[in-house]
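Worksheet: one structure, shown below.
Numbering of ligands and ligand atoms starts at 1, following listing order. Here the structure is a predicted model, which means the values were calculated and not measured.
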Amino acid sequence: MGDNVFARTLARALELEGSAQSLASLLRVPEGTLLRWCDGRADMPVRAFTTLVGYVSAKEARDPASDSQSEGHAPAASHEALEFNIGTLVARCEHCGHTQFRRSRADLPLKMTSRLLCRACGTAVVHGDLLVALGNQLIAKKRVEALERNRRQAAMRAARRVKRRDEVT
Ligand SMILES: [Zn+2]
């Protein structure tokens with residue numbers, strides 16, 4: 001699975017839930033399946049990924065040390081350039097299409113509930129929402145690829161039929 005948002009989200013959910021067994025039952029999959037996702041022997045479905053994003057967000061929202069807590073002086077945004085990918089698919093700012101983000105609060109760690117800012121236009125997005133949007137993009141991409149594959153196969157079958165007809169006549 002490599003270093004991408006699938007692997008990182010799964011690792012974070014495991015850490016929060018404490019055991020692979022209870023996380024597997026939460027996702028309604030056999031524990032062996034979850035372990036295959038963990039060590040990269042199988043690809044986690046996007047649906048399981050978005051469930052995990054929601055799970056981690058809900059857990060973190062209950063954490064007292066979250067973003068919204070400290071008011072008062074405005075803390076600075078970080079200077080990092082974060083990117084979020086699943087394979088070759090990269091999360092983009094919905095406003096300008098840029099792929100680099102930074103935390104709106106440099107003093108807090110990156111959480112699923114963190115507010116991120118687009119490095120180009122400054123549009124804010126919640127980390128978890130950005131990841132779910134990325135998951136949905138992956139579903140759309142797979143659907144298009146499957147359609148194209150079917151179209152190619154249909155074209156090949158048609159070509160073979162024409163060829164056979166030519167051989168008969
Ligand atoms: Zn932007």
- prompt: Applying side chain to side chain donor-acceptor pair (under 3.5 Å), which residue pairs with at least one partner in residues 17-35 are found, sequence neighbours left out?
  reply: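 For residues 17-35: E17-S22, E17-Y55, S19-S22.
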
- prompt: Does a side-chain N-to-carboxylate-O contact under 4.0 Å join E15 and R12?
  reply: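 Salt bridge: yes.
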
message: So that I can tick it off, tell me whether R149 and E145 are bridged by a salt bridge, with the cut-off set at under 4.0 angstrom between side-chain N and carboxylate O.
response: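 Result for this pair is no, no salt bridge flagged.
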
query: Taking everything shown except H98 itself, do over 12 heavy atoms lie less than 6.0 Å from its NE2?
result: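 Yes, NE2 of H98 has more than 12 neighbouring heavy atoms, counting only those of other groups under 6.0 Å.
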
query: side-chain contact (heavy atoms from CB on, under 4.5 Å) with C93: which of L116, T99, T123?
result: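 Exactly one option meets the side-chain contact (heavy atoms from CB on, under 4.5 Å) with C93, and it is T123.
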
V5 backbone acceptor or donor facing T9 side chain under 3.5 Å: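 Judged by distance alone, yes, a pair lies under 3.5 Å.
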
field: Number of protein N, O or S atoms [distance to the Zn ion (ligand 1) under 2.8 Å]
entry: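 If we list every protein N, O or S atom nearer than 2.8 Å to the Zn ion (ligand 1), we get 4.
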
